[in-house]
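Keep in mind it's a predicted model, so treat the numbers as computed, not measured. Residue numbers begin at 1 in each chain, while the letters A, B, ... track the order of the sequences.
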2 protein chains.
Amino acid sequence: MGRAKSQASYLEQALRADGVRITRQRTALLKVLAEAKDHPDANELHSRAREIDPTMSLATVYRTLTALEQQGLVHRHVFEGASARFEIADARHHDHIIDIDKGEIIEFRSPEIERLQEQIAERHGYEIVSHKLELYCRKKAT
Amino acid sequence: MGRAKSQASYLEQALRADGVRITRQRTALLKVLAEAKDHPDANELHSRAREIDPTMSLATVYRTLTALEQQGLVHRHVFEGASARFEIADARHHDHIIDIDKGEIIEFRSPEIERLQEQIAERHGYEIVSHKLELYCRKKAT
DNA sequence: TTTACTGCAAATACTTTGCAATGGG
DNA sequence: CCCATTGCAAAGTATTTGCAGTAAA
C-alpha cells in the first residue's frame, strides 16, 4: 500500500510540474490507478473512482487519462475487440499475454525479442519508436 | 495480374464451398482485395470496389470482410489509432512495421521471434492462439 | 423458387468535445 | 481572481444490424 500511495503522489508531482491542477477528481483517479493490480478500462476506472469521489464523470476520466498518457505517465493498451485498458507507466517495459477465455492480462519481458526487433527495424532502415507484442493465449490443457 | 486474378477466384471457390453466394458486389471486392498491394481499410476498399460496381455499399464491404475473416481468408489488422486494415490471408504468417510518418506498412517475418514467443507462452502455461507484433517506426536519419 | 444478400438508415460502442458553471492555486 | 477543469449532453468514429426489397443458384 505504501507503494501505491507513493506512486500516486509521484504522478501528482509530475502533473503539477507541468502546470496541471490537482483536483479532487484527479486525486481519486490517481489513487485508483496506483492501486490497480489489473489493467482496467475507462469504465472500470470510473466506477472505482466514483467510490472515492461520486461526482467523477466518465468524461473527466478520459480527459485525465489522455493527459497522463501524453506525459508518458500512463500507458493505453487497445487489445483485440475490447475497449482501451490503462496502467501506470512502468520503468521497465513489458508486453502482454491476453488470456482469451478469462480476459486476464499477464505481463512479461523479453530482452531477447526486443533485441531481435531492433535488428529487424535496422535491417529495413527504421528506428523503433514504440512497439506492441501481444500473445492471445489459452491455458494449456495438460 | 495473373496472380491477382487467380487469388480472387481461389477466394470465390472457398466461399462457394461454404454455401456463400458470389454476388456482383462480392466479386468486385475480391478483385480489389486481390489487386491491393497495400493494406487498405474498409473505406478505401469501398471506394475501390465502387469503381467496379457503383452500387456497392459500405455495409456490404464490412459484411463481406467479416465473412472472409471468419473463413480465415482475410486478416484484419487494427493498428494504433486507425481503422482496421485488411489483407488477403497469406500462407506464410508475417508481422508489421508501421511507418508512423507515412502510414506505410512493411511486412516482415521472424521465425526466431516466433520461437521465443512460444517459449514464453509455454513458461506461463499457455498456448498461443494468435499474436500481434507491431513495430511503430520512423525512417532512420542516417 | 428459395432464401442469402443488398442498400439504406438507424443503432452500437467507445471516446471526444462544446459550453456554462466551478474551484484550484 | 483567473483560467484550468468539471459535468452534462451532444457530437464523433468506426462498425454492425433490422428491414423490406433484390438477385444468386
Side-chain angles (χ1 to χ4, degrees), chain A residues 9 11-32 39-47 49-71 73-86 103, chain B residues 9 11-32 39-47 49-71 73-86 103:
Chain A
S9 52
L11 292 179
E12 288 200 8
Q13 300 271 328
L15 284 178
R16 230 189 279 268
D18 242 287
V20 174
R21 289 181 182 172
I22 305 305
T23 62
R24 208 167 6 99
Q25 293 88 339
R26 284 180 176 172
T27 303
L29 181 58
L30 293 178
K31 186 165 191 292
V32 165
H39 295 65
D41 63 13
N43 215 43
E44 179 59 30
L45 288 169
H46 182 213
S47 319
R50 251 177 197 287
E51 286 177 23
I52 300 174
D53 180 350
T55 71
M56 168 81 78
S57 78
L58 185 55
T60 294
V61 171
Y62 274 112
R63 275 189 283 232
T64 305
L65 287 170
T66 301
L68 285 164
E69 194 193 7
Q70 281 168 355
Q71 319 272 331
L73 301 172
V74 154
H75 288 319
R76 174 190 304 241
H77 303 294
V78 185
F79 301 126
E80 311 224 304
S83 22
R85 290 155 163 261
F86 302 83
Chain B
S9 52
L11 293 179
E12 289 201 8
Q13 300 271 329
L15 284 178
R16 231 188 279 270
D18 242 287
V20 173
R21 290 181 182 171
I22 304 306
T23 62
R24 206 164 11 96
Q25 293 88 339
R26 284 181 177 171
T27 303
L29 182 58
L30 293 179
K31 186 164 190 293
V32 165
H39 295 65
D41 63 12
N43 214 44
E44 179 60 29
L45 289 169
H46 182 214
S47 320
R50 251 177 197 287
E51 286 177 23
I52 301 175
D53 180 349
T55 71
M56 169 79 81
S57 78
L58 184 56
T60 293
V61 170
Y62 273 112
R63 276 189 283 233
T64 305
L65 287 171
T66 301
L68 286 163
E69 193 193 8
Q70 280 167 356
Q71 318 273 330
L73 301 171
V74 153
H75 288 319
R76 175 191 304 241
H77 302 293
V78 185
F79 300 126
E80 311 224 305
S83 23
R85 289 155 162 262
F86 302 84

message: From CZ of B:R76 over to P of D:dA14, roughly how many Å is that when rounded to an integer?
response: 14 Å
Could you list all N or O pairs between the protein and nucleotides 7-14 of chain C that sit under 3.5 Å apart?
residue, atom, partner, partner atom, Å
C:dG7, OP1, B:T55, O, 2.4
C:dG7, OP1, B:M56, N, 3.3
C:dG7, OP1, B:S57, N, 2.9
C:dG7, OP2, B:S57, N, 3.3
C:dG7, OP2, B:S57, OG, 2.6
C:dG7, OP2, B:T60, OG1, 2.0
C:dG7, O5', B:T55, O, 3.4
C:dG7, N7, B:R63, NH2, 2.8
C:dG7, O6, B:R63, NH1, 3.4
C:dG7, O6, B:R63, NH2, 3.4

- prompt: So, do A:R24 and A:T55 sit near enough that their side-chain heavy atoms are less than 4.5 Å apart?
  reply: yes
message: I'd like to check B:L45 versus B:F86 (side-chain heavy atoms, cut-off strictly below 4.5 Å). Are they in contact?
response: yes
message: How many whole angstroms separate atom NE2 of B:H77 from atom P of D:dT15?
response: 14 Å
query: Please give, in whole Å, the distance from C:dC5 C1' to B:L68 CG?
result: 14 Å
task: Mind calculating the distance between CZ (B:R26) and P (D:dA25) to the nearest angstrom?
output: 10 Å
query: Just how far, in rounded Å, is C1' of D:dA4 from CD of A:E12?
result: 16 Å
query: Heavy-atom distance under 4.5 Å between the side chains of B:L68 and B:L30, does that happen here?
result: yes
- request: Could you check if a side-chain atom of B:T64 sits within less than 4.5 angstrom of a side-chain atom of B:T23, using non-hydrogen atoms only?
  value: no
message: A side-chain contact here means heavy atoms from C-beta on lying under 4.5 Å apart; do A:I52 and A:T27 qualify?
response: no
query: How close or far is atom C1' of D:dT15 from atom CD of A:E80, stated in whole angstroms?
result: 16 Å
- prompt: OP1, OP2 of D:dA24 versus side-chain N and O of B:R16: anything below 4.0 Å?
  reply: no
- prompt: Over how many whole Å does the gap from B:D18 atom CG to C:dC5 atom C1' extend?
  reply: 16 Å
query: Taking atom P of D:dT13 as reference, at what distance in whole Å does atom CZ of B:R85 sit?
result: 18 Å
message: For a 4.5 angstrom cut-off between non-hydrogen side-chain atoms, does A:L29 reach A:M56?
response: yes
- prompt: In terms of ring plane angle, is the pair B:H77 and B:H75 parallel, tilted or perpendicular, where the classes change at 30° and 60°?
  reply: tilted
Using a cutoff of under 3.5 Å, can you pull out all pairs of nitrogen or oxygen atoms linking the protein to nucleotides 20-23 of chain C, with atom names and distances?
residue, atom, partner, partner atom, Å
C:dG23, N2, A:R21, NH1, 2.7

Residue whose closest nucleotide on DNA chain D lies nearer the 5' end, B:I22 versus A:T64: A:T64
field: Test item: A:V20 and A:R26 side chains (from C-beta on) under 4.5 Å apart, heavy atoms
entry: yes
task: Using only side-chain N and O atoms of B:T23, determine if any of them is under 4.0 Å from OP1 or OP2 of C:dT6.
output: yes
field: Side-chain heavy atoms of B:E12 within contact of B:L15, under 4.5 Å
entry: no
